[in-house]
Amino acid sequence: MRTRVLVAGMAAMIALPLAWQTLAARQATAVSLVVRNGVIITVDGSRRILNPGSIAINGSDIVAIDTPANIAARYQAADTIEATGKVVMPGLINTHTHAAMVMYRGLGNDLALMDWLQKYIFPAEARTVSPEFVRVGTRLALLEMIQSGTTLYADMYYFEEEVARVTKAAGLRGVLGQTVIEFPVPDAKTPADALQRTEAFAREFANDELITPSVAPHAVYTLDAKTLTAVRDLARRLNIPIQIHLAETSAETGLSQERHKMRPVAMLDSLKFWAPVTIAAHAVWISPEEITLLKQRNVGVSNNPESNMKLASGTAPVMGYRKAGVPVGIGTDGAASNNDLDMFEAMRQAAFQQKLITMDPTAISAPEALEMATIGGARVVGQQARVGSLEPGKRADLIVVGLSKARQVPLFDPVAQIVYSSRGDDVETTIVNGKVLMRDRKVLTLDEARVLSDARAAAALVRKAVQ
Ligand SMILES: [Zn+2]
C-alpha cells in the first residue's frame, strides 16, 4: 500500500514537468534550423551585432534573430548548429569571377593583362574548353567557394548552362553570364551563336531560386557596336543582368579610343547600353565625370583588388564610387589572375589598397570592407532585397566562422577580426537558401576527393595545350 502511494506520487511528480514541456512545445513554432549562441554580425542597416545571438531558419528563409533565450523559447528546431565562440555572418558575395578558370591557376604568371590573355589564356581556352572541362573546373571552384564562405558569385564564362547546372547541384547562388566575344570560341563560332546560347540558357533557368541567368559581353575592345547593341536588346527583352569588363586597364582605354573613337564608358553610353542591372567589372580607369554617369545609369561596380594588383592594371576609384552612391562589391576575378577565390583575402586587400592609394588609413574601415563583400555585392547584382545581410524575411545565406586560431586571439572587435585576421579556411559551416552545404568543414553537396582528382586529370589537357 505504502509502495503504491509512493509510486503514484512519483508518477505525479514526473507528469507535471512533462505536461509543461508539451505545453511549451505547442507554443513554440517548428523551424527547420537554428544556428545557436554565436556572435552574430548582421550587416543590417544599423550594423547590429548580437553577442551572443541565435538565428531561426525555416526552409529557405531567416525567420528570426534574437537572444539565444528568446529563440529557444519561441522556436523548436529540427536541426541545431552550435556557434558558441564563433562568428555568424552573411555569406560573402563574389561580384566578379570566371569560376572554371581555376583550371588555369598558376599558368602564365607575372605578365600584363594583354600579354597574359593573348599568349596564355585565349590559346589555352581555345584548346581545352568543352562542356566537360567547364563542369570539372566549375566544381573545383564551387568546392573552393563553399570552403571559404562564398554563397553567391557572379560568373562570366563559356557553356554557362553547364556552369548553372553544377552550381545548382552544389547549392550555391549564382548570377551566371554567358560570354559574348567577337572571335570564335569553344561554345560559339560567332557573337550571334553566343546570343542564341544565352537566350536558351536564360529560358532554361528563368525564375530559378538559385540561378540568375545573365549575359556577359567580354569588353568594348573585343566587341563592335553592332554586337553590343544586340546584347543590350537581348538583356532588355529577357530582363537579365549584363556583366562586362569595363575600363580595366589603360591599354583598354587606348584600344577603345582607336576602335570606337571614344573612351569605354562614353562608347557604351552612346549605345544606351545599360540594363536594369549592369555589373561593371574592374572599372579602374574611370574619370570623376564617368563616375557621375555610372551613378545616373544605375551601374554597379565589382572592385577586384587582387587581380588589379597582380596584373598591375591600376586601382579603382572606390572612394569616388562610394561618395557618388555607385554600388561597389568585391570580386576575386578568375583564379588565373589572383590566384584563389578566397573572398576574405579580397576583402582585406580591398581595404588596404584604398588606404594606400589615398594615403588615408581611415579609407575603407573594417565594417565598410565587410559591407562591400556582403550587402554591397548584393546591391551590385540587384539582389539586396533577398540576400547580403542577416534579417528576418531574407534568404538564409550565412556562414559560421571559427575564432580559435592563434591569429584570431584575443578578441576585441569581431568585425576587425573577420576582415583583418581571418581567412577562408576559418569558415566552418556554409548555408545557402537555408540548406547546409558545408558542416564543420565537411562539404555535403560535392564529393571533395572526386572533384580534386577530376581537376588534376583535366589539368593534363591544359599542360598539353600550352606546350
Ligand atoms: Zn574578369
Side-chain angles (χ1 to χ4, degrees), residues 93-109 111-122 124-125 129 134 137-138 141 144-145 150 152-160 163 174-183 185 187 194 214-223 231 241-253 255-256 264 268 278-286 299-316 328-343 345-346 349-350 377 380-381:
I93 295 178
N94 186 345
T95 48
H96 180 65
T97 191
H98 314 275
M101 287 185 79
V102 289
M103 288 307 304
Y104 309 116
R105 192 193 318 262
L107 184 73
N109 295 283
L111 294 166
L113 176 72
M114 297 301 172
D115 267 359
W116 175 73
L117 280 178
Q118 314 281 356
K119 288 185 189 152
Y120 289 89
I121 297 304
F122 289 153
E125 285 181 336
V129 170
V134 167
T138 305
E144 188 181 350
M145 287 192 273
T150 293
L152 188 165
Y153 76 108
D155 192 62
M156 297 172 72
Y157 214 55
Y158 307 106
F159 297 108
E160 207 64 29
V163 176
V175 178
L176 306 179
Q178 169 63 41
T179 291
V180 182
I181 197 162
E182 68 185 357
F183 49 80
V185 284
D187 69 347
S214 158
V215 61
H218 178 263
V220 298
Y221 60 94
T222 50
L223 288 163
V231 166
I242 296 179
Q243 305 182 53
I244 186 166
H245 293 110
L246 182 66
E248 180 174 358
T249 60
S250 63
E252 172 177 339
T253 308
L255 287 169
S256 179
L268 292 176
T278 309
I279 306 165
H282 303 287
V284 169
W285 294 86
I286 296 284
V299 175
V301 166
S302 176
N303 178 34
N304 311 302
E306 294 172 273
S307 171
N308 291 342
M309 287 193 279
K310 185 172 183 239
L311 299 170
S313 301
T315 301
V328 184
I330 298 173
T332 56
D333 206 352
S337 62
N338 182 305
N339 288 358
D340 61 40
L341 305 178
D342 184 348
M343 279 291 294
E345 195 187 349
Q349 297 305 330
V380 169
V381 301

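Small disclaimer: the values here were computed from a predicted structure and weren't measured. Side-chain atoms are counted along with the backbone in the values below, which use heavy atoms only and exclude waters and symmetry mates. Both ligands and their constituent atoms are indexed starting at 1 by order of listing.
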Residues which pass salt bridge (Lys or Arg N to Asp or Glu O under 4.0 Å) with Asp340, listed by chain and number, not counting sequence neighbours
none

Does the pair His218 and Ile244 meet the rule for a side-chain contact (heavy atoms from CB on, under 4.5 Å), with working shown?
CA-CA 6 Å; His218 178 263; Ile244 186 166; over 6 Å; no

Listed protein N/O/S atoms, distance to the Zn ion (ligand 1) under 2.8 Å
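As for protein N, O or S atoms lying under 2.8 Å from the Zn ion (ligand 1), they are His96 NE2, His98 NE2, His245 NE2, Asp333 OD1.
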
Under the 3.5 angstrom rule, does the side chain of Ser302 hit a backbone N or O of His282 as a donor-acceptor pair?
no

Should the pair Phe183 and Phe122 be assigned to parallel (<30°), tilted (30 to 60°) or perpendicular (>60°) ring geometry?
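Taking Phe122 first and then Phe183, their aromatic rings stand perpendicular (interplane angle over 60°).
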
Check whether any side-chain heavy atom of Lys119 lies under 4.5 Å from a side-chain heavy atom of Leu111, and answer yes or no.
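No, their side chains stay 4.5 Å or more apart.
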
Do Asn339 and Lys310 have side-chain heavy atoms sitting under 4.5 Å apart?
yes

